[in-house]
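Here is the naming used below: chain letters follow the sequence lines, and residue numbers restart at 1 for every chain.
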Amino acid sequence: MKKSLLSAMAVMLVTASLSACGSSNDGGNNTSNAGNNAQGSNQTDNSGNAAATNTASGNSSNAAATEEAVDPFAKFAEPVEVSIGRAIDPNYKFDGTDTAEDNVYTRWLKDKFNIEIKHAWEAAQGTDYQQKVSLAISSNDLPDAMVVNETQLRQMVKAGQLADLKDVYDKYASPELKATYDSNPGLLDSVTFDGKLYALPETTLPSAPLTWIRKDWLDKLGLQPPKSLADLENIAKAFIDNKMGGDKTIGIVGTQQGGTLYSTFLSSTDHWYNFSPLFFANDAYPGIWTKDKDGNTVYGSTTEETKKALEMMRDWYAKGILDKEMGVRKSTAEVVASGQAGIFFGPWWSAYNNIPDNIKNDPKANWRAYAAPLDAAGKFNSNQATGSSYIVVSKEAKHPEAIIKMTSIHKWGKDEEFNKLTAGKQMTSQEVPLFLILGAGDQLEYAVNSLRKYLKGEMKIEDFDQANYGWAYEMAKHVKAIKKEPFDSYDIGTFDQQADTGFFTHIYAHLNGGSTFVDADVNWVRSIATAQTKTMESRWSNLKKLEDETFLKIIMGSEDISAFDTFVKKWKDQGGDKITEEVNELK
Amino acid sequence: MVTERSAVSKWFNGLNIVLLLVIMFMCLLPVWYTLSISLSDKAAASAGMVFLWPKGFTFGSYETIIHDGQFFRSFFISVQRVIYGAAISFFVILLMAYPLSKNGSDFRGRNVIMWILVFAMLFNGGLVPWYLTMKSLGMINSIWGLVLGGGLPVFNVILVMNYFRNMPKELEESALMDGAGPWRILFNIFLPLAMPVLATVLVFTIVYHWNEFFQALVLMNKSVHYPLQSYIRQVAVVIDPTKMDEESVKRASELSNQTLNAAKIFISMLPLLVIYPFLQKYFVKGITLGSVKG
Amino acid sequence: MRTKGFAKHYYLMLLPGLIWLFIYNLFPMYGILTAFKDFNPGIGILKSPWIGLENFQYMFELDDSKLIFRNTIFIALAKMIANLIVPLIFALMLNEVKNRLFTRTVQTIVYLPHFLSWVIVAGMMLDIFSYNGPVNQILSSLGLGKSLFFADAHSFPALIVGSDVWKEFGFNAIIFFAALTSINPEMYEAAAIDGASQWKRLTRITLPSILPVAVLLATLSMGNILNAGFDQIFNLYNPTVYSTGDIIDTWVYRAGLIDMQYGLATAVGLLKSVVGLFLISLSYGLAYRFANYRIF
């Protein structure tokens with residue numbers, strides 16, 4: 001072989017051998033691809049509560065309660081610019097040429113309060129946004145304010161990047177805002193470090209995962225709604241055996257790719273599409289810190305109950321009852337929408353999202369929510385949500401008070417003019433900058449109960465507490481066109497889906513899922529720790545990875561159940577014991 | 001030239017062709033599959049009923065894209081990026097490769113520079129310092145951030161350099177006799193002869209700039225500045241049900257992400273699929289010629 | 001002699017590239033210091049306190065470290081071997097076909113996957129290998145059990161190598177095509193006259209002619225031993241396959257950008273770079289020594 005040929009070849013060979021180095025070594029390319037599917041955990045916002053987003057109680061005037069204090073709803077004398085980092089929904093349709101930065105809400109904010117919103121940057125909600133936030137934090141290139149998660153908040157506190165909001169909060173927060181935080185004891189304490197208030201946390205509305213089942217399938221097979229785990233197993237089996245969703249019927253769907261098996265103390269609000277109820281019905285509370293029989297702090301994922309739950313799930317998985325593609329499936333919502341599945345777990349507001357998709361494909365799809373399965377003692381258990389979104393303000397921000405004001409305004413500052421401008425259109429996180437869920441906690445209960453009374457004629461529309469429960473009132477105006485008799489049944493056939501398409505999903509979600517949840521007698525279990533301790537900062541992500549990996553493998557049968565004991569031992573050795581001690585001190 | 005054709009040989013050749021056809025088919029399959037999905041209706045696609053042929057044939061996804069202004073804006077940004085990126089890389093690579101193809105004895109400092117390049121290829125300082133550097137250079141929200149931000153394509157420099165190094169020494173020597181300077185040697189002698197490898201490098205650069213999407217997520221503060229691949233990636237975001245109104249629920253249910261994404265993916269790969277067969281002619285032929293010679 | 005005074009022109013030619021290199025590649029490298037510091041974003045990398053080798057110590061304590069280095073090497077090695085053999089066999093097969101139109105068409109089509117990004121290819125692969133996807137449908141119609149390929153730690157590395165080969169074998173074969181066309185046709189003619197069979201011609205002429213190419217290719221790809229393909233794995237993996245599929249680059253990405261453990265992530269990345277430099281130097285030395293060939 002001639003040497004020149006060899007050399008020419010070699011040119012190509014070097015190409016081959018070096019190209020890979022190149023691809024991982026120039027600047028950002030290193031992390032290319034970043035969150036294509038990393039951490040599907042979206043920015044979670046538990047309540048899903050339309051009510052919480054929209055209480056139009058135009059009481060900007062009654063705010064000057066105390067003489068000394070500033071009017072929290074007063075207009076700034078000079079225009080005040082607030083730069084924010086913003087999560088946007090690229091699929092969201094604004095009116096006309098409106099954008100997240102310039103829309104009916106931000107213009108109103110400018111005209112009425114002289115607060116001008118500037119986007120330092122925006123990114124698609126979910127991983128892209130989280131990545132941008134991480135980058136902003138680690139490069140110390142921060143906007144005035146943004147919404148962050150627990151890990152990011154901790155990081156920023158540690159780095160000393162945040163403004164102490166204590167004084168501006170005391171001075172500028174509206175009485176309503178203060179009352180809201182006061183009614184959620186401990187909430188502000190969880191974001192107070194060394195006496196400094198570093199964030200405005202979202203309040204969490206309770207949300208337990210319910211079991212959603214196709215009742216039309218139950219009826220067809222002559223089955224009763226489930227009570228115990230065994231009932232649920234039988235129903236799932238019957239669905240599959242009778243091919244209720246076609247040849248590819250899936251028993252119970254849940255965790256999708258990047259999702260989690262159960263909610264944890266750090267992202268406790270996200271009960272959407274996971275398998276939490278299967279653990280709760282086994283009296284297991286993985287992912288949160290509970291007390292054992294002797295009152296000692298214990299991490300729920302390491303208990304015998306969790307092992308038992310995993311063993312059961314492993315059995316169900318082997319029998320084909322649990323989705324064979326759990327954890328790998330790209331979108332659980334799509335399977336539900338296409339009618340292949342008849343059972344999933346989700347909070348009451350699940351009826352907002354993918355069920356309407358399924359109904360559209362099959363108008364008879366009658367999804368109902370059940371407070372089941374119950375544990376051996378007949379109790380319906382759930383872990384209790386803690387917040388996961390925080391508004392933080394940079395230490396460099398010129399007007400931290402504007403951010404406090406905005407938070408008050410968002411919920412309690414709406415006036416007549418606002419109602420006219422928005423013409424009843426619901427303002428979402430896409431219009432409202434620094435959107436935070438704030439609620440006293442009984443919005444849902446009020447809405448569901450009063451709607452039921454109103455339908456039965458036990459309550460008149462004038463009786464609605466419009467000031468405090470504006471959304472319930474709004475729904476009441478539409479409910480009679482949509483909900484047909486019998487009023488005590490919430491089957492899909494008793495709703496007129498076409499009469500008022502704008503409000504159908506709201507009414508349907510509140511009466512179907514909402515009523516089940518409101519009526520349920522939930523045994524809440526709260527995590528002892530709701531934030532990371534010191535050792536967790538360095539060790540937690542690796543421990544969590546170990547946990548996720550082991551549990552998935554046990555369920556999917558690629559590891560024996562004995563892997564659980566190995567996991568517990570490893571978990572303890574690699575920092576778990578030390579962390580448990582730290583949590584124990586929190587009690 | 002071959003006269004004898006045994007039965008075994010015939011049988012072998014037949015089998016060989018069948019196998020090659022199967023291989024060819026396997027290479028086309030995923031692209032075809034994507035096309036089928038993009039032309040199917042939502043229900044059929046999400047139920048996994050589509051394989052080789054669209055079910056419930058519809059152009060709905062493509063119609064949605066045509067009405068999507070951002071898609072075209074991003075498309076244009078990508079084209080711009082590819083053109084600038086390819087042009088700049090082309091000249092920088094050409095200019096660097098020539099001196100580096102000299103021996104250490106002819107050009108002192110050559111080996112040191114070479115090792116610096118290799119070092120730069122293997123090590124990197126991480127995302128944060130890179131971002132801060134880009135920011136201080138005003139590369140945020142700028143097409144130049146995308147064009148230059150990837151850094152010097154060291155690997156392409158080495159590729160061209162090696163090619164230069166293997167060109168016949170006599171060419172350069174006779175040019176030197178005629179009194180040619182380095183610039184004339186490079187542009188009048190080396191450049192025309194190096195077309196094959198330059199075409200190869202051009203292809204690599206185009207493919208890189210067209211397919212790269214992560215830098216934009218870091219450097220661009222608004223999605224209006226995104227190139228096409230970054231834009232396509234973000235449409236598949238997880239929908240947050242709690243912040244959605246009826247309008248978006250309705251829209252989302254009309255077109256599943258799967259079919260729409262397939263259509264977007266298909267359109268995004270179309271330009272490369274159209275271009276490469278033409279470029280292929282040059283670089284494959286070039287390599288073949290280059291190796292036969294000498 | 002005649003090249004005297006050329007050096008300054010050479011430097012002038014290098015200048016644009018060197019400026020580019022300095023600004024975008026070299027300058028940001030101060031970030032490597034993060035590996036030895038307790039990084040505090042509030043005060044920046046340079047002012048963060050030094051902690052010596054603490055990040056490296058923690059790295060060696062982690063079970064993950066051994067795992068990701070092992071996975072990386074295993075996958076990279078398997079890819080290197082497969083990407084040598086498959087294109088070679090393919091080129092030999094195509095070389096036996098004499099119809100120019102046919103070979104041209106086949107070549108054009110097998111290059112196609114090389115031009116698709118991993119985001120796109122991964123999406124297609126996940127679809128095709130999903131539980132109800134085409135592959136499983138074929139398996140079940142043959143009476144075989146369905147399998148969740150991308151969630152099975154045993155099959156995951158094979159799928160990674162397989163999909164990489166699928167994407168690149170055509171492109172990698174170019175070099176072998178070039179080598180094959182450069183074989184002197186007279187050798188075949190002489191062999192035909194001697195009555196050598198097709199098989200004999202393959203083993204006696206074709207293979208020996210391109211063997212040196214294959215050997216050199218193998219030597220040069222050594223530098224790749226720690227590059228198992230971030231883009232590809234990142235788009236295809238999930239927690240169930242971390243045990244066999246998590247590689248250095250994906251791990252560093254998660255530790256850095258998701259979990260914000262910058263020091264640790266930088267330390268692992270740095271170790272990888274150092275090993276990479278060592279390997280490149282080694283293959284440089286080997287190629288120079290045994291093939292008298294200089295890589296760069």
Which answer fits [X], side chain, backbone, both or neither, if we ask what part of it has an atom under 4.5 Å from a heavy atom of chain C?
X	value
Ser268(B)	side chain
Tyr98(B)	side chain
Leu186(B)	side chain
Arg108(B)	backbone
Leu132(B)	side chain
Phe12(B)	side chain
Ile206(B)	neither
Leu273(B)	side chain
Met269(B)	side chain
Leu94(B)	neither
Met24(B)	both
Val157(B)	neither
Ile17(B)	both

Tell me if the centroids of the rings in [X] and [Y] come within less than 6.0 Å of each other.
X	Y	result
Trp115(B)	Tyr284(C)	yes
Phe234(C)	Tyr253(C)	yes
Tyr24(C)	Phe27(C)	no
Phe230(C)	Phe214(B)	no

I'd like to know if the side chain of [X] reaches the main chain of [Y], judged simply by a donor and an acceptor atom lying under 3.5 Å from each other, with no hydrogens or angles considered.
X	Y	value
Asn25(C)	Leu152(B)	yes
Tyr276(B)	Thr108(C)	yes
Trp130(B)	Gly150(B)	no

Check your understanding: Should the heavy atoms of other residues, nucleotides or ligands under 6.0 Å from CH2 of Trp199(C) be counted, would the total exceed 12?
Key ->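 Check fails, neighbour count at 12 or below.
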Between Lys102(B) and Glu172(B), does any NZ, NE, NH1 or NH2 come within less than 4.0 Å of an OD or OE carboxylate oxygen?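 Result for this pair is yes, salt bridge flagged.
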To the nearest 0.5 Å, atom CG of Leu277(C) lies from atom CE of Met121(B) at 9.5 Å
Q. Once you round to the nearest 0.5 Å, how far does OH of Tyr231(B) lie from CG of Leu217(B)?
A.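 The CG atom of Leu217(B) is 14.0 Å from OH of Tyr231(B), to the nearest 0.5 Å.
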Side chain / backbone / both / neither for [X] at chain B, heavy atoms under 4.5 Å:
X	result
Phe22(C)	neither
Leu15(C)	neither
Leu180(C)	neither
Val274(C)	both

Heavy-atom pairs under 4.5 Å with chain B, option from [options] with the top count:
options	value
Leu26(C), Leu94(C), Ile45(C)	Leu94(C)
Thr105(C), Leu116(C), Val106(C)	Leu116(C)
Gly17(C), Pro28(C), Pro16(C), Ala35(C)	Pro28(C)

In terms of heavy-atom pairs under 4.5 Å with chain C, the winner among Leu272(B), Val118(B), Val207(B), Thr34(B) is Val118(B)
Test item: side-chain donor near acceptor, Gln229(B) and Ser78(B), under 3.5 Å: no
Would you kindly say whether Lys272(C) and Asn227(C) are connected by a side-chain donor-acceptor distance under 3.5 Å? yes
